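Chain naming here is simple, since letters A, B, ... match the order of the sequence lines and numbering starts at 1 in each. Because the structure is predicted, anything quoted here is derived from the model rather than measured. Quick note: numbers below take in every heavy atom, side chains included, and nothing from hydrogens, waters or symmetry partners.
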Number of protein chains: 2
Amino acid sequence: MAIPRAAKTQRRTRIQEEKEEIILEAALDVFSVHGFKGATIDQIAEVAGMSKPNLLYYFRTKEAMHRALIDRVLDTWLDPLREFDAEGNPEAEIKSYIRRKLEMARDFPRESRLFANEILRGAPSIMEELDDLRKLVDEKVEVIRAWVKAGKIGRCDPYHLIFSIWATTQHYADFDVQVRAVLGPTRSGDGRFEDAARFLEQLYINGLQIRP
Amino acid sequence: MAIPRAAKTQRRTRIQEEKEEIILEAALDVFSVHGFKGATIDQIAEVAGMSKPNLLYYFRTKEAMHRALIDRVLDTWLDPLREFDAEGNPEAEIKSYIRRKLEMARDFPRESRLFANEILRGAPSIMEELDDLRKLVDEKVEVIRAWVKAGKIGRCDPYHLIFSIWATTQHYADFDVQVRAVLGPTRSGDGRFEDAARFLEQLYINGLQIRP
DNA sequence: GGATAATTTGACCGGTTGGTAAACATTACA
DNA sequence: TGTAATGTTTACCAACCGGTCAAATTATCC
C-alpha cells in the first residue's frame, strides 16, 4: 500500500537489481548520444522496453538516472590512471597506460561519450568528482617528475603529458564518426585501434626520450 | 505586405547583416554548450536580446540557425590543415600546425565545442562535409608519406599522426573545464596554452624522430 | 511627408516533455 | 493459500518547445 520507492528501500530485490541494470544500460545508450537535455525519458523507456512510469518507479527523476550513470562510469574510468605505478619502469608503464585507455575507448565508447558530453556542458554535476580527479593526477604527476629527475625520461610537463594521453586515446571513442569517415570503409575495421596503439606508443617512447 | 523572408531576399539590408550576426553569435553560445537538441530558441533569443519570432524571421527554423553556424565554422576550422605545406620542412610545418590549432582552441573554444557536440551526436548533419574532410586529409597524408620516404621523419602512420594532433589541441577547448580543474586555479591562467605548445612541440619533434 | 517594404512583437497552437495519481498485476512470504 | 509488499500500466497534467499569424512599429525611398 505504501509506496516505498525502489531507490529508498534498504534491501534491494532481485527485480530491482535486474531492472535498474536494464534501465541504466538503456540510459547510457541515449544519454551518450544526445546529452542530458537532449535525451528524453520516453526514448530511454523505449530502449529499455518498459513504460515511462515504470522507469520513474526505479529512478525518481531523469536527473537521478543520469547521476547514477555518471557515478558508476567515473569510478571505472579512472582505474587505468590509478594503476600507474611509480615502481615500474617508464616505458612499460606508459605503454600499458596507452593500451588500457585505448581498450576502454574501444570497449566502452558510450561511457567515454557520456563523460565527454558532461564536460562539454561545463560539468555542472561533477564538480566534486573533478576535485578527486585533481588529487589523483597530482599524485601521478609526482611519479612522472621522479622519473624525470632520475633521468629515466626527458624533461616535460607532466600535466600536459597526461592530458595528451587522455586526448589521443579518448578521441577514438568520442570522435569515432570522424575517425571512420577519414579512414574510409577499408581502414575502419577493428584494426584501427591496433594501428593507433602502435603509433602512440612510438610517439611517446621517442617523444619522451625514454631510454630502455 | 508580402513577407519576403530575410533569408530569401537576394539583396541583404544592413539590418539583416547586423541581426543575423547577433543571432549567430548568440546561437553559438547556446548550441556549443547544450548541443542541438538541448538548445532552445527561447534561450538563443534571450542571449541575442530579441524576441523569438524575430529570430525566426531571420532563420526560419532552429535547424537553419544550426546549419548556418556549422557551415561557417567548418570552413575556417580546416584552414590550418589546408596550409600544411609539402614544400616546407617537417619540423617547421608540424610546429606551426600545432601552434595554429592551439590558438584556435584558445580563441574559438565555442566553435570547437559546437563541432565536438555535432560529432558526438554522430554527425547527422555534416556527413557530406566529412567527405570533403577525408579528401583533404588524404592529400596531407601523402605529404607526410613523402617526408617519411625522404627520411625526414621516422616511419609512422600519417592518419593517426593527424588524429593525435587534432585530439591533443582540441582537448584544451572541448575539455577546458576538466583541464582547469586538474591544473588548479594557479596554473589555469592563459599560460597553460604556452605550456601545452611547448610540451606538444617537444613530443612531436622527438616522437617523430625529426632530424633538424 | 506619405506610400511601401522591412522589421518586431504579443498572442497563440499543436505536439512533446518530465513527472504524477491511482488502479491493476505480480511477487514474496507466512 | 492468503495477504501485504512490490511492480506495472493507463490516463493524465502542467510546463515547455518549435513554429505561425496578424497586427503594430520602424526604416526606406520617392
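Listed for the B/Arg99 side chain is no donor-acceptor partner under 3.5 Å among the backbone atoms of B/Ala197.
In this structure, CD of A/Glu20 is placed 11 Å from P of D/dT8, rounded to the nearest angstrom. Per the geometry, CD1 belonging to B/Ile41 stands 12 Å off C1' belonging to D/dT20, to the nearest Å. Across the protein-nucleic acid pair, A/Glu17 atom CD and D/dT6 atom P stand 15 Å apart, rounded to whole Å. Following rounding to the nearest Å, B/Ile23 (CD1) and C/dT9 (P) show an atom-to-atom distance of 11 Å. Between the CD atom of A/Gln43 and the P atom of C/dG19 there is a distance of 15 Å, rounded to whole Å. Between the P atom of D/dC17 and the CG atom of B/Leu56 lies a distance of 14 Å, rounded to the nearest Å. The nearest whole Å value for the distance from the CG atom in B/Asp42 to the P atom in C/dG10 is 13 Å. Look at NE2 on A/His66: it is 17 Å from P on C/dT17, rounded to the nearest Å.
Between B/Lys52 and A/Lys19, the one whose closest nucleotide on DNA chain D sits nearer the 5' end is A/Lys19.
Aromatic rings from B/Trp166 and A/Tyr172 are positioned such that their centres are separated by 6.0 Å or more.
Nearest to the side-chain atoms of A/Lys62 among the listed nucleotides D/dG19, D/dG18, C/dG19 stands C/dG19. For B/Pro53, counting side-chain heavy atoms from C-beta on, the closest listed nucleotide (C/dT17, C/dT9, D/dG19) is C/dT9.
Counting non-hydrogen atoms of neighbouring residues, nucleotides and ligands closer than 6.0 angstrom, the CD atom of A/Glu46 reaches no more than 12 such neighbours.
Dashed line: the shortest gap from a side-chain N or O of A/Gln16 to OP1 or OP2 of D/dG7 is under 4.0 Å. For B/Tyr57 and C/dT7, the shortest distance from a side-chain N or O to OP1 or OP2 is below 4.0 Å. A sub-4.0 Å separation between OP1 or OP2 of C/dT9 and a side-chain N or O of B/Asn54 is present. Checking the phosphate oxygens (OP1, OP2) of D/dT8, a side-chain nitrogen or oxygen of A/Tyr58 falls inside 4.0 Å.
Taking a cutoff of 4.0 Å between a charged side-chain nitrogen and a carboxylate oxygen, B/Arg100 and B/Glu83 qualify as a salt bridge.
Residue A/Ala39 is classed as a sugar-phosphate contact, given heavy-atom separations below 4.0 Å to backbone atoms only. Using a 4.0 Å heavy-atom distance criterion, B/Thr40 is classed as a sugar-phosphate-only contact.
Smallest separation of non-hydrogen atoms from A/Pro158 and A/Arg145: CG-CG, 3.8 Å.
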